[in-house]
Amino acid sequence: MGSVRVLVKQERRDRILSCAQELISREGFEGLSIRVLAAKAGVSTPTIYNLVGNKEAILHCLGETIVQELTEAYQSSVNEDPINQVKEIIQKLHHIYAQDEHYSRELFIGKSTLSQAGYGGASENIPMLKVATAICENALKKRLLRGEVSSAVLGQGIGNSVYLAQLGWIQGSFGLNEFKRQAMIGIYLTLAADSMPKLQARLVKYCLLYTSPSPRDAH
């Protein structure tokens, strides 16, 4: 009986989050009303607060799905080269945002509006941060990094690179392809600061490719 209750609660929670995503996608962050969400999900407003929380908690849960997708992509990757690992993850992030660009942008705007942490800086709210730190730790074990800068600090630097590129996209200064290009340049420069000579030479080469007048897809 207890397991049935757990399943029912989980089903309701999933439905609430799915409906919240639909509302944000259609109406934008401002259209996310607990009252409207309750009606759309077929539950009471207290149920939403009990199973998920307030609007900030809802946005946090929706943002965590991006973190989970990136983590799963990293863990399932058979690529052990840090340059290609980073490239795969940024491409995955680009793909996630491109599936519903309006929703993705509004999600970050909402998180910034309701939370002091917002989407700023290399905080836990940056989807890339935990995966980036893991990539750096793996590169250090393979002696591709010197280890003079800790994996945590490098991870924050990578998170900041993604944030700065992401911020321009969120504010409408440029599109998703430019977001990807700027993120890759920032990440490669961050890694180059602590990389061994062989890896550093490759990173500089790829940075030049991404900053050329007609950026090509570096391999």
Side-chain angles (χ1 to χ4, degrees), residues 13-34 36-37 40-41 48-49 51-74 86-135 152 154-187 189-190 210:
R13 187 177 186 277
D14 291 344
R15 187 165 72 250
I16 289 167
L17 291 175
S18 177
C19 289
Q21 182 171 342
E22 289 178 21
L23 277 174
I24 295 172
S25 180
R26 189 176 69 244
E27 307 291 341
F29 160 67
E30 296 298 335
L32 180 60
S33 157
I34 298 295
V36 173
L37 177 58
K40 184 174 179 60
I48 292 179
Y49 286 111
L51 295 182
V52 185
N54 58 15
K55 289 175 70 171
E56 184 177 350
I58 291 170
L59 294 175
H60 174 75
C61 290
L62 291 174
E64 280 297 300
T65 62
I66 299 176
V67 176
Q68 184 177 351
E69 286 189 60
L70 288 180
T71 302
E72 290 174 356
Y74 170 68
V86 166
K87 182 181 173 184
E88 280 186 10
I89 295 303
I90 290 297
Q91 287 178 332
K92 178 65 175 179
L93 193 58
H94 178 279
H95 174 72
I96 292 171
Y97 292 164
Q99 285 181 314
D100 190 336
E101 190 170 351
H102 176 67
Y103 161 74
S104 299
R105 183 180 283 115
E106 289 292 324
L107 174 63
F108 284 108
I109 290 173
K111 286 171 69 66
S112 176
T113 302
L114 295 180
S115 171
Q116 289 185 349
Y119 51 71
S123 69
E124 291 298 321
N125 291 307
I126 297 297
M128 186 72 187
L129 182 58
K130 293 180 181 179
V131 174
T133 302
I135 289 174
L154 284 176
Q156 286 181 335
I158 290 174
N160 275 328
S161 297
V162 176
Y163 157 66
L164 291 172
Q166 187 171 269
L167 184 60
W169 162 65
I170 290 170
Q171 294 176 340
S173 300
F174 46 74
L176 278 174
N177 286 336
E178 181 63 14
F179 152 74
K180 181 169 70 172
R181 190 182 77 87
Q182 291 198 17
M184 293 304 303
I185 293 171
I187 292 171
L189 288 175
T190 299
Y210 277 106

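Start at 1 with the first residue, then count along the sequence.
- No more than 12 heavy atoms of other residues, nucleotides or ligands sit less than 6.0 Å from atom OH of Y49.
- Residues satisfying the side chain to side chain donor-acceptor pair (under 3.5 Å) test with N54, not counting sequence neighbours, are none.
- Atoms CD and CG, on E22 and L37 in that order, are 10.0 Å from each other to the nearest 0.5 Å.
- The two residues S104 and I96 come nearest to each other via the heavy atoms OG-O, 3.9 Å.
- You'll find the side chain of F179 reaches within 4.5 Å of the side chain of V162, heavy atoms only.
- The closest side-chain heavy-atom distance from I58 to I48 is below 4.5 Å.
- Between S25 and H102, the shortest heavy-atom contact is O-CD2, 3.0 Å.
- Counting heavy atoms from C-beta outward, I66 and Y97 have side chains that approach closer than 4.5 Å.
- For the pair L129/V67, no side-chain contact is recorded, criterion being any heavy-atom separation below 4.5 Å from C-beta on.
- The line from CG of L107 to CG of L32 is 10.0 Å long, rounded to the nearest 0.5 Å.
- Here T65 contributes atom OG1 and H60 contributes atom NE2; the two are 10.5 Å apart, rounded to the nearest 0.5 Å.
- Considering only heavy atoms from C-beta on, L62 comes within 4.5 Å of I24 through its side chain.
- Taking 4.5 Å as the limit, every side-chain heavy atom of N177 sits out of range of all side-chain heavy atoms of R181.
- Between Q156 atom CD and Y163 atom OH the span is 14.5 Å, to the nearest 0.5 Å.
- Take R105 and apply the side chain to side chain donor-acceptor pair (under 3.5 Å) test, not counting sequence neighbours, and it matches E101.
- In plain terms, the two heavy atoms of I158 and A132 that are nearest each other are CG2-CB, 3.5 Å.
- Side-chain contact between E106 and I109: present, with at least one pair of heavy atoms (C-beta onward) separated by less than 4.5 Å.
- Across T190 and S161, no two heavy atoms sit closer than the pair OG1-OG, 3.5 Å.
- Side-chain contact annotation: Q68 with E64, donor-acceptor N/O pair under 3.5 Å absent.
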Assess the residue pair K130 and T71 against the criterion (side-chain contact (heavy atoms from CB on, under 4.5 Å)); give the C-alpha distance rounded to whole Å, side-chain angles, the decisive distance to 0.1 Å, and a yes or no.
CA-CA 8 Å; K130 293 180 181 179; T71 302; 5.7 Å; no
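- To the nearest 0.5 Å, atoms SG (C19) and CG (D14) are separated by 11.0 Å.
- What you find for K87 and M184 is that their closest heavy atoms are CA-CE, 3.8 Å.
- L17 is not listed as a side-chain neighbour of Q21, based on a closest heavy-atom distance of 4.5 Å or more.
- Taken to the nearest 0.5 Å, the CZ atom of F29 stands 4.5 Å off from the NZ atom of K55.
- For Y74, the ring-ring contact (aromatic ring centres under 6.0 Å, His included) criterion is met by no residue, not counting sequence neighbours.
- Residues satisfying the salt bridge (Lys or Arg N to Asp or Glu O under 4.0 Å) criterion with E27, sequence neighbours excluded, are absent altogether.
- Applying the side chain to side chain donor-acceptor pair (under 3.5 Å) test to E30 and every residue at least two apart in sequence or in another chain returns nothing.
- Under the side chain to side chain donor-acceptor pair (under 3.5 Å) criterion, R15 pairs with E11, sequence neighbours left out.
- Smallest separation of non-hydrogen atoms from L23 and K40: CG-CD, 3.9 Å.
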